[in-house]
Amino acid sequence: MPTKDFYERLNMLGYPMLERSPQQAANATLIDVAKSQDIRLWEGFPVMLANCIDKQWSNYTDIQRYIKSKKLATRVDSLITWSFALYKLLNVSSPQIDEFQKWYKPQEKNDFNYFLKKMTNHEDFMLSDKKMSSERTINTFKSYFGEKQFRLTEFLSEKDSYDLQYALSKIFPSGQKNLIMKKLRGEKLTKIEQEYFSRVVKKKIVALANPELHKLAQKLLS
């Protein structure tokens, strides 16, 4: 499978080609991690899945398209179910993650409870045919995803986050709302995203920050 470096070298030699979209690459990578049976990669699966879901690159239907065998399907389902148990344990939540879980039909309650209990007690557990360390998986997630997630939680409670997302969706189109949330999470914007944010989105935010507009809104709502 051609790597990103391969495409970059083609471009350097004057023959640029279109790469796969981030969505395609993300879902294919999740499946490659499941196929690998490399415990080090499996420990990072919850991080990869959470980022894919939050960036709206993955849903369960998208992931299924890359699964070619029943055995692999079972393994992927176990990895996803375990990931959601870990999110539950660490109180990781977002509208996108909650929506994914809502429509995730293969999740077996007993498997979910098994993973959650083992990790709560910091005990090793079996995932597919591999023994996994609760301590290592929890620490891996906190190292690669937790810092960003918990930094956002410091100034937005879970309820406030939902309220904010709802309010933003009433004012900003989906793409603009996503840029605002990326800024709040401290994620780096691409050059195009930064230019668009400064040129379009920031002007709306400045207008919303106008104190006279706040007073007007209060009068109209009273």
Side-chain angles (χ1 to χ4, degrees), residues 1 3-5 7-8 18-34 36 41-67 76-77 79-88 90-104 107 137 140-156 158 160-169 171-198 200-202 205:
M1 181 175 60
T3 64
K4 183 176 180 180
D5 177 65
Y7 288 110
E8 289 175 348
L18 290 176
E19 298 181 46
R20 291 186 299 177
S21 69
Q23 291 87 345
Q24 291 173 315
N27 288 297
T29 301
L30 290 175
I31 299 304
D32 286 341
V33 168
S36 73
L41 293 177
W42 283 17
E43 288 170 349
F45 187 91
V47 177
M48 302 175 212
L49 180 64
N51 282 325
C52 286
I53 295 173
D54 267 351
K55 293 177 185 296
Q56 298 181 317
W57 287 345
S58 291
N59 59 49
Y60 188 61
T61 301
D62 292 333
I63 292 173
Q64 282 183 305
R65 294 193 182 103
Y66 293 85
I67 299 175
V76 171
D77 287 343
L79 284 164
I80 295 175
T81 300
W82 161 60
S83 295
F84 280 116
L86 181 59
Y87 304 158
K88 176 72 173 179
L90 298 179
N91 196 29
V92 173
S93 180
S94 73
Q96 293 87 351
I97 289 175
D98 292 345
E99 186 70 12
F100 187 108
Q101 188 171 18
K102 177 182 175 182
W103 296 105
Y104 177 52
Q107 182 172 221
T137 55
T140 296
F141 190 85
K142 287 181 177 179
S143 295
Y144 288 94
F145 186 85
E147 182 181 348
K148 176 181 70 176
Q149 178 73 15
F150 301 140
R151 187 167 62 241
L152 177 62
T153 306
E154 286 176 2
F155 62 91
L156 288 175
E158 185 174 326
D160 287 342
S161 179
Y162 280 104
D163 291 344
L164 174 64
Q165 294 245 13
Y166 178 79
L168 288 174
S169 68
I171 301 171
F172 297 92
S174 177
Q176 295 180 6
K177 185 191 77 171
N178 289 339
L179 285 181
I180 292 172
M181 295 307 298
K182 284 182 72 173
K183 291 281 284 187
L184 284 175
R185 295 186 183 109
E187 297 177 12
K188 186 176 180 179
L189 302 184
T190 67
K191 183 178 180 181
I192 293 176
E193 287 176 332
Q194 185 61 55
E195 290 176 352
Y196 181 77
F197 183 88
S198 299
V200 178
V201 182
K202 187 175 180 179
I205 296 174

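In this chain, residues are counted from 1 in sequence order.
Side-chain contact between Arg65 and Thr61 is present, with heavy atoms from C-beta onward closer than 4.5 Å. A 4.5 Å side-chain heavy-atom check between Lys55 and Glu187 finds at least one atom pair inside the cut-off. Using a 4.5 Å heavy-atom threshold, the side chains of Met48 and Tyr144 count as separate. At a threshold of 4.5 Å between non-hydrogen side-chain atoms, the residues Tyr60 and Ile80 count as touching. In this structure the side chain of Leu168 reaches within 4.5 angstrom of the side chain of Met181, judged on heavy atoms.
Closest of all the heavy-atom pairs between Phe100 and Ser58 is CD1-O, 3.9 Å. Smallest separation of non-hydrogen atoms from Asn27 and Trp57: ND2-O, 3.0 Å. The two residues Phe172 and Lys177 come nearest to each other via the heavy atoms CB-N, 4.0 Å. Between Leu86 and Thr137, the shortest heavy-atom contact is CD2-O, 4.2 Å.
In terms of the salt bridge (Lys or Arg N to Asp or Glu O under 4.0 Å) criterion, residue partners of Lys182 (sequence neighbours excluded) are, by chain and number, Glu193. Asn178 pairs by the side-chain hydrogen bond (donor to acceptor under 3.5 Å, both in side chains) definition with Gln56, not counting sequence neighbours. Under the ring pair (Phe, Tyr, Trp, His ring centres under 6.0 Å) criterion, Tyr87 pairs with Phe84, Phe141, not counting sequence neighbours. Contacts of Ser36 classified as side chain to side chain contact (heavy atoms under 4.5 Å, CB included), with partners at least two apart in sequence or in another chain: Asp38, Leu41, Trp42. Qualifying side chain to side chain contact (heavy atoms under 4.5 Å, CB included) partners for Ile171, counting only residues two or more places apart in sequence or in other chains: Leu208. For Glu195, the side chain to side chain contact (heavy atoms under 4.5 Å, CB included) test picks out Lys191, with sequence neighbours left out.
Without hydrogens or angle criteria, Tyr104 side chain to Asp77 main chain gives a donor-acceptor distance under 3.5 Å.
Ile97 CD1 to Asp54 CG: the interatomic distance, rounded to the nearest 0.5 Å, is 4.5 Å. For the atom pair OG1 of Thr190 and OH of Tyr196, the computed distance is 12.5 Å after rounding to the nearest 0.5 Å. Note that OG of Ser83 is 10.5 Å distant from CD of Gln101, once rounded to the nearest 0.5 Å.
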Item to check | Test log, rule side-chain contact (heavy atoms from CB on, under 4.5 Å), inputs Leu79 and Leu49 | outcome: CA-CA 10 Å; Leu79 284 164; Leu49 180 64; over 6 Å; no

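Defined by atom type and a distance below 3.5 Å, a donor-acceptor pair is present between the side-chain atoms of Asp62 and Asn59.
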